[in-house]
Amino acid sequence: MKPADLSGLPEGVPEHLQSQGIEELYPPQAEAVEAGITDGESVVASVPTASGKTLIAELAMLSSVARGGTALYIVPLRALASEKKAEFEEFEQFGVSVGVSTGNYDSDGDWLASKDVIVATSEKVDSLVRNGAQWVDDLSCVVADEVHLVDDPNRGPTLEVTLAKLRRINPDLQTVALSATVGNAGEMADWLDATLVDTDWRPIDLRKGVLYGQALHFDDGTERELQRGNEKETAALVRDTLDDDGSSLVFVNSRRNAEAAAKRLADVTSEFLTPEERDELADVAAEIRDVSDTETSDDLADAVADGAAFHHAGLASEHRSLVEEAFRDRLVKVISATPTLAAGVNTPSRRVIVRDWRRYDGDVGGMTPLDVLEVHQMFGRAGRPGLDPYGEAVLIAKNHEELQELFDQYVWADPEPVRSKLAAEPALRTHILATVASGFASTEAELLQFLERTLYATQTDETGRLEEVTGRVLEYLERNEFLERDDRLQATGLGHRVSQLYLDPMSAAEIVDGLRAADGEPTAMGLYHLVARTPDMYELYLRSGDREEYTELAYERETEFLGSMPSEFEDGRFEDWLSALKTARLLEDWTSELDEDRITERYGVGPGDIRGKVETAEWLLNAAEQLAMEIRRDEREGVPDGVTTAIRETRKRVEYGVQEELLDLAGVRNVGRKRARRLYEAGIESRADLREADPSVVLGALRGRRKTAEKILENAGHQNPSLDDVEADAGAEADANAAATDTVDDGAGGQQSLGDFE
DNA sequence: TCCGGACAGTTCTAGACAGCATGTC
DNA sequence: CTAGAACTGTCCGGA
């Protein structure tokens with residue numbers, strides 16, 4: 001089938017596809033067209049990664065738009081939203097407009113109504129439905145990318161429920177689900193009333209194999225000898241790929257391992273670099289160093305300078321995209337990564353090496369083997385269509401038995417079936433409340449009827465389980481005053497709020513209890529701890545020694561906590577309290593302007609983790625403020641005066657990472673926590689001061705950085721932001737330098753003054 | 001002049017040990 | 001990441 005054979009698309013699209021070098025549709029694409037994808041038919045496409053899934057989605061969406069409809073594309077990760085947007089914008093020339101919606105703010109998303117194609121995460125779609133976004137009613141086509149993720153215990157149920165809701169709102173909705181090859185794609189097709197397109201076809205060859213000793217055994221029976229002296233397996237494989245001018249991706253099971261591997265592999269890659277590549281890599285390394293002032297950042301830059309990199313969630317997102325881009329540009333020759341990369345943005349590579357196929361699992365208390373599906377997802381990153389002649393995916397065996405084991409377990413094995421994780425209390429807690437609050441059900445019977453539309457219902461034979469958990473959850477929601485239940489189910493004002501804020505009801509209950517327990521104005525620490533102990537904030541790991549340290553701190557700060565501290569002998573609860581305290585102190589350090597590298601060191605986290613915690617805290621503090629207002633509205637006493645303003649102020653401090661006096665300055669664009677402090681020390685204490693400031697003082701405070709100084713003056717609305725012929729004020733420069741070392745109480749009793757004597 | 005032994009300093013190695021992935025609103 | 005082994009180099013006394 002050729003693009004010209006396609007009908008129902010916007011004018012010019014078939015020709016455009018042809019001009020993009022698509023002569024012939026891939027078999028799965030042709031199959032999807034035959035199944036009626038361009039005529040509004042629902043399809044589940046279970047096909048390997050990089051075999052043209054995106055075009056299937058595009059055909060469905062574009063034909064839907066051509067018929068005057070609106071299409072929604074659901075992505076599993078925020079990082080993928082912008083990638084997809086960029087791909088779809090290719091069709092803007094044919095009159096198709098594209099919008100993206102992710103993240104905490106803009107709750108109604110009304111501006112999206114004018115878009116033809118909307119890209120959003122499943123949580124965002126769910127949130128938009130809860131907030132009653134009008135355009136949702138007018139959707140004609142929905143695409144769910146990576147739909148096998150309904151198997152995920154945390155986020156799977158959201159996707160499942162969201163699809164059920166969308167299909168309920170609009171019974172004629174065309175549903176297109178894109179999935180990796182899984183064991184039970186048929187079940188998903190049944191669930192979605194869709195035609196199944198199920199194939200193993202790939203545009204380029206994927207050879208899978210296992211390395212044992214010197215020999216690389218492939219699934220087609222061939223073997224390849226690797227020369228390696230005493231070099232490690234991974235290094236030898238990377239070298240071997242480089243000899244053939246290809247790049248590698250190495251999957252390992254921990255951040256530390258990823259960093260250590262990158263460091264070692266840098267020795268290998270650095271032998272292969274041309275002088276030009278070295279120059280370009282030096283530039284990338286410099287950019288990486290600029291992102292954050294931490295050891296992680298430096299280590300990454302060092303590796304990148306030699307053509308290697310690591311990749312994990314501890315990196316700031318700028319780090320990640322710099323690395324991904326340099327890898328796609330073939331400057332970086334190898335990335336060692338945690339599984340983040342397998343699910344993330346597109347980074348194909350000639351060879352994929354799955355070095356660690358076991359991972360630590362806290363629930364089991366030991367190492368467990370990865371799912372077949374997960375390993376196959378990693379494998380799927382091998383081979384770049386149109387660039388590589390083939391892709392290779394390799395596991396590493398330590399002994400002879402393992403060689404056979406790995407073949408059986410991963411190379412030959414079929415991926416496990418996808419199972420719905422909906423019937424678990426945490427998932428149902430939030431989705432039942434939302435289902436009732438947004439009017440999808442007003443009795444228990446209707447609720448169960450709605451849940452019948454989920455994948456869970458089509459999969460389970462076990463009658464009664466859903467009813468039982470639902471009963472428990474309703475009881476919980478009623479007890480916490482989110483729902484009222486007589487013969488009908490109805491959300492309370494508070495319940496509606498919680499649903500709209502997209503909070504886990506358990507988080508909301510914790511916050512509400514804490515706020516009610518407040519007498520007087522809460523301290524920042526009190527609020528940090530309150531939000532840190534909700535289930536919506538992931539716990540920081542307590543390391544050995546931490547228990548004592550934070551127990552002591554807990555007693556020291558006991559009066560500040562909102563709500564009462566559990567007893568030291570209540571084991572689980574007390575531990576949770578301490579690990580929330582650890583998070584709370586991280587936030588306190590952040591808002592007292594402690595340097596990023598000190599924070600990463602102190603808590604054993606990466607720069608990306610700090611930003612993650614900060615973002616979550618911002619979101620939860622905002623929710624806490626809304627909840628406080630809600631409680632005040634319908635109770636006469638409830639929450640003391642000044643609580644809402646205290647929360648708002650605290651949230652702003654978290655947002656900017658500054659102490660109170662810098663809030664005004666840090667609000668100016670291009671002024672972060674560091675620059676704000678420097679300006680402040682130089683006597684510029686507010687936005688108004690900055691507007692009237694002597695440019696030479698500003699220049700001095702910013703250590704003579706002319707461009708930034710100019711931009712900042714402009715953003716502050718300064719009369720004459722030009723810095724031509726302006727000299728930096730030496731006094732201001734000295735103040736600014738002092739500010740860099742001396743603003744911080746590091747909690748260790750003024751130890752930081754040590755630095756002054758060295 | 002040569003040799004062995006005492007000693008300090010350095011490098012290498014094995015074993016114990018802690019720690020371990022991700023993510024939306 | 002540390003303890004201990006193993007190795008290296010220096011100095012000194014004795015023949």
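Proteins get letters first, then strands, A, B, ... in listed order; numbering begins at 1 in each.
Place A:His311 and A:Leu542 on DNA chain B by their nearest nucleotides, and A:Leu542 ends up nearer the 5' end. The nearest heavy atom of DNA chain B to A:Leu501 and to A:Tyr360 marks one nucleotide each, and the one closer to the 5' end goes with A:Tyr360.
Straight-line distance from the CG atom of A:Asn154 to the P atom of B:dT22: 14 Å, rounded to whole Å. In this entry the distance linking CG of A:Asp546 with C1' of B:dG19 reads 12 Å, nearest Å. Note: CD (A:Glu539) to P (B:dC20) measures 14 Å, nearest angstrom. As rounded to whole Å, 9 Å separates atom P of B:dT22 from atom CZ of A:Arg359. Nucleotide B:dT22 holds its C1' atom 15 Å from the CD atom of A:Glu146, rounded to whole Å. To the nearest angstrom, C1' of B:dA21 lies 8 Å from CZ of A:Arg255. Regarding A:Glu615, its CD atom lies at a distance of 8 Å from the P atom of B:dT24, rounded to whole Å. The nearest whole Å value for the distance from the CE atom in A:Met367 to the P atom in B:dA18 is 16 Å.
Comparing B:dG23, B:dA21, B:dG19 by their nearest atom to the side chain of A:Tyr541 picks out B:dG19. Checking B:dC20, B:dC25, B:dG23 against the side-chain heavy atoms of A:Tyr538 singles out B:dG23 as nearest. For A:Ser254, whose side chain is taken as the heavy atoms from C-beta onward, the closest listed nucleotide among B:dC25, B:dA21, B:dG23 is B:dA21. For A:Ser544, the side-chain atoms get nearest to B:dG19 when compared with the rest of B:dA21, B:dG19, B:dC25. When distances are taken from the side chain of A:Glu123 to each of B:dC25, B:dG23, B:dC20, the shortest belongs to B:dC25. Picking from B:dC25, B:dA21, B:dT22 the nucleotide with the shortest atom distance to the side chain of A:His312 gives B:dT22. The A:Glu374 side chain lies nearest to B:dA21 when the options are B:dC20, B:dT22, B:dA21.
Base pairing analysis places C:dG14 opposite B:dC2; the two distances defining the Watson-Crick or G-U wobble pair are each below 3.5 Å. For B:dA8, the paired nucleotide is C:dT8, the pair qualifying as Watson-Crick or G-U wobble because both relevant distances are below 3.5 Å. Pairing for B:dT24 is absent, with no Watson-Crick or G-U wobble pair whose two atom distances lie under 3.5 Å.
The aromatic ring of A:Tyr502 does not sit over the base of B:dC25, since the test of centres under 5.5 Å and planes under 30° is not met.
Applying the side-chain hydrogen bond (donor to acceptor under 3.5 Å, both in side chains) criterion to A:Glu324, with sequence neighbours excluded, gives A:His311.
Salt bridge present: A:Arg255 and A:Asp609 bring a charged side-chain N and a carboxylate O closer than 4.0 Å. Contact check on A:Arg651 versus A:Glu618 returns no salt bridge, with no Lys/Arg side-chain nitrogen under 4.0 Å from an Asp/Glu carboxylate oxygen.
For B:dC25, the OP1/OP2 oxygens have no side-chain nitrogen or oxygen of A:Arg155 closer than 4.0 Å. For the pair A:Ser127 and B:dT24, the criterion of a side-chain N or O lying under 4.0 Å from OP1 or OP2 is not met. An OP1 or OP2 oxygen of B:dC25 is reached within less than 4.0 angstrom by a side-chain nitrogen or oxygen of A:Arg78. Side-chain nitrogen and oxygen atoms of A:Thr616 include none within less than 4.0 Å of the OP1 or OP2 phosphate oxygen of B:dT24.
Between the side chain of A:His529 and the backbone N or O of A:Ala584 there is no donor-acceptor pair closer than 3.5 Å. Counting only distance, with no hydrogens or angles, the side chain of A:Thr430 and the backbone of A:Ala427 share no donor-acceptor pair below 3.5 Å.
Side-chain contact check for A:Tyr360 and A:Asn253: no donor-acceptor pair (N or O, by modelled atom type) lies under 3.5 Å.
Contact annotation for A:Arg320: backbone-only contact, meaning every heavy-atom pair under 4.0 Å involves sugar-phosphate atoms and none involves a base.
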